[in-house]
Participant: 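Attaching a single structure in structure tokens format; questions to follow.
Since the structure is predicted, the reported quantities are computational estimates derived from the model, not experimental observations.
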Amino acid sequence: MNIAIIGLGEVGQCYAQALHQAGHSLQLAAPRPSSAATQIAAGMGLSISANLADALSGSDWIFSCVTGAQALPVVQNIVRHAATGSTVCDFTTASMDTKRQAAALCAASGMRYVDVAIMGAIALGREKTPLLTAGEGAQALADALQGVGSRVTVMAGAAAGDTIALKLLRSQFTKGLEALSVEVCMAAEQQGLREALFEQLQDVDHTPLQTFVDMLVSTHVLHARRRAEEVHAVALSLQQAGLPSLVLPGVEQRFRRTADALATQPPPQSAPTAQEALHWLLQNEAGNRSA
């Protein structure tokens, strides 16, 4: 493979080293490379070009490893200089809409576009960090990266932009859980109850994640008002203990929003499934936006 790597931050450096070691031909481009990037390139006997057109010359694969803000301008430059039939692999954290615009630009120029979402920490997993891919050329990229030990999952039937959307949803879940866990563990530690808390959470630990989350969603639309009061009481207790919560005010607002909707238009099902509950919640959100 003849590969141009655009951007030599942590991601670009990682794949440059792995691909070089696997015997691929590389061309590197970065407008202002760091000293670390310059050192790595020198160690591989390569130079770093500040001129994108030079780096793209002769490359049939192009890895865009720039920031999300640079993602679209870089693709706009790539389609002006790269050869028809090239494959652009977008490793950036750009938005779903940006990636779809980039895919359209590549398609119009006769190039394949692969939306790549990095589903972990490159600093820890390096080239073995799981990748989620979509778009024309996704399977070809997965096949190509097998030789460097990369763990690539192709989203069947997915379009460019879908992988980054899924990554951001995952981040919403994990970062929200992180913030809540920090507050809960601080309160438990202050009261000398952290180990006892985990004993009481064993039922959660023994339940499959999707089963647990679906249970929360389906019962949320039945018990939102009562749970809002419980959240308010917990927040008040934390305030009195000198550990005011930053998370629970938003949690309480979510419950009260649902409770207000229940008062005017309850769901048609007495015991909704998670999907039925979500459809009802989304209908109410749409109504709130149009009001």
Side-chain angles (χ1 to χ4, degrees), residues 93 96 115-122 124-125 128-134 138-139 142 149-159 161-189 193-231 233-235 245-248 250-259 261-262 266-285:
T93 54
M96 177 178 67
D115 173 16
V116 184
I118 302 170
M119 306 299 283
I122 283 285
L124 296 177
K128 293 180 175 60
T129 305
L131 303 176
L132 190 62
T133 63
Q139 187 59 56
S150 293
R151 298 158 55 194
V152 184
T153 300
V154 178
M155 286 182 68
D162 288 350
T163 68
I164 197 66
L166 195 57
K167 175 175 179 171
L168 294 176
L169 286 169
R170 183 181 186 276
S171 291
Q172 180 182 357
F173 180 83
T174 57
K175 301 308 184 288
L177 185 61
E178 176 185 337
L180 183 61
S181 297
V182 167
E183 289 197 353
V184 169
C185 288
M186 285 171 62
E189 184 71 17
L193 295 173
R194 191 158 69 92
E195 294 305 319
L197 171 66
F198 285 110
E199 289 178 13
Q200 296 305 313
L201 289 173
Q202 284 185 10
D203 58 325
V204 177
D205 196 34
H206 296 158
T207 305
L209 179 62
Q210 184 170 353
T211 300
F212 182 70
V213 173
D214 280 352
M215 178 275 294
L216 294 178
V217 171
S218 61
T219 60
H220 171 78
V221 301
L222 301 176
H223 305 297
R225 186 169 300 281
R226 175 180 61 78
R227 289 175 180 173
E229 297 303 328
E230 184 176 344
V231 170
V234 173
S245 174
L246 300 176
V247 175
L248 290 182
V251 175
E252 183 178 350
Q253 185 178 4
R254 173 70 268 173
F255 280 106
R256 294 205 183 278
R257 191 180 183 105
T258 301
L262 284 168
Q269 304 86 4
S270 58
T273 64
Q275 189 169 34
E276 289 168 342
L278 288 169
H279 285 169
W280 179 83
L281 287 162
L282 287 167
Q283 286 173 358
N284 278 283
E285 287 298 316

Participant: Looking at Ser218 and Ala277, what are the two nearest heavy atoms and their distance?
Facilitator: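 Shortest heavy-atom separation between Ser218 and Ala277 comes out as CA-CB, 4.0 Å.
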Participant: Hey, are the side chains of Met155 and Asp115 touching, using non-hydrogen atoms and a 4.5 Å cut-off?
Facilitator: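 SC-SC contact between Met155 and Asp115 ruled out.
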Participant: Is any side-chain heavy atom of Val217 closer than 4.5 Å to one of Asp214?
Facilitator: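 They are not in side-chain contact.
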Participant: Starting at OG1 of Thr211, measure out to CG of Leu216 and round the result to the nearest 0.5 Å.
Facilitator: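 CG of Leu216 is found 11.0 Å from OG1 of Thr211.
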Participant: A quick test of your reading: do over 12 heavy atoms of other residues, nucleotides or ligands sit less than 6.0 Å from CD of Gln269?
Facilitator: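 Counting other residues, nucleotides and ligands, CD of Gln269 exceeds 12 neighbours.
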Participant: Shortest non-hydrogen contact from Ala121 to Thr129?
Facilitator: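 That would be O-OG1, 3.5 Å.
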Participant: Quick one: which residue pairs count as a salt bridge (charged side-chain N to carboxylate O under 4.0 Å, His left out) with a foot in residues 169-187, not counting sequence neighbours?
Facilitator: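 Qualifying pairs, neighbours excluded: none.
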Participant: What pairs of residues pass the side-chain hydrogen bond (donor to acceptor under 3.5 Å, both in side chains) test when at least one of them lies in residues 193-204, not counting sequence neighbours?
Facilitator: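 Sorted result for residues 193-204: Glu189-Arg194.
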Participant: Supply the atom-to-atom distance Gln283 CD to His279 NE2, rounded to the nearest 0.5 angstrom.
Facilitator: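 Rounded to the nearest 0.5 Å, the CD-NE2 separation comes to 8.0 Å.
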Participant: How far apart are the closest heavy atoms of Ala165 and Met96, and which atoms are they?
Facilitator: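 Closest heavy-atom pair between Ala165 and Met96: CB-SD, 3.9 Å.
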Participant: Evaluate the side-chain proximity of Ile118 to Leu131: yes if any heavy-atom separation is below 4.5 Å, no if none is.
Facilitator: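 The answer is yes; the side chains approach within 4.5 Å.
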Participant: For the CG atom of Asp162 and the CG atom of Leu166, what is their distance to the nearest 0.5 Å?
Facilitator: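 Here the rounded value is 8.5 Å.
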Participant: Answer yes or no: is there a side-chain heavy-atom contact under 4.5 Å between Val213 and Leu209?
Facilitator: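 Sidechains of Leu209 and Val213: in contact.
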Participant: Take a 6.0 Å sphere around CZ of Arg225 and say whether it holds more than 12 heavy atoms from other residues, nucleotides or ligands.
Facilitator: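 Incorrect, the count does not exceed 12.
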Participant: Any heavy-atom pair between the side chains of Lys167 and Thr93 that's under 4.5 Å?
Facilitator: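 Answer yes - side chains close enough.
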Participant: Determine yes or no for a side-chain-to-main-chain donor-acceptor pair under 3.5 angstrom, with Asn284 supplying the side chain and Leu281 the backbone.
Facilitator: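 No, because the side chain of Asn284 does not come within donor-acceptor range (under 3.5 Å) of the backbone of Leu281.
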Participant: Atom CG of Leu180 and atom OG of Ser245: how far apart are they, to the nearest 0.5 Å?
Facilitator: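 Separation between the atoms: 7.5 Å.
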Participant: Test: ring pair (Phe, Tyr, Trp, His ring centres under 6.0 Å). Region: residues 205-226. Which pairs qualify, not counting sequence neighbours?
Facilitator: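 As it turns out, the ring pair (Phe, Tyr, Trp, His ring centres under 6.0 Å) pairs with a partner in residues 205-226, which skip direct neighbours, are His220-Phe255.
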Participant: For the residue pair Leu262 and Val221, what are the closest heavy atoms and their distance?
Facilitator: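 What the structure gives for the nearest pair is CD2-O, 2.9 Å.
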Participant: Within a strict 4.5 Å, meaning less than it, do heavy atoms of the Leu222 and Pro272 side chains meet?
Facilitator: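 Touching, per the 4.5 Å side-chain cut-off.
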Participant: CD of Gln139: more than 12 outside heavy atoms within 6.0 angstrom?
Facilitator: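 Yes.
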Participant: Can you check whether Met119 reaches Arg151 side chain to side chain, under 4.5 Å on heavy atoms?
Facilitator: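 With C-beta onward as the side chain, the pair stays apart.
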Participant: Check Trp280 against Ala261 and note the closest heavy-atom contact, atom names and distance.
Facilitator: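 Minimum heavy-atom contact is CH2-CB, 3.7 Å.
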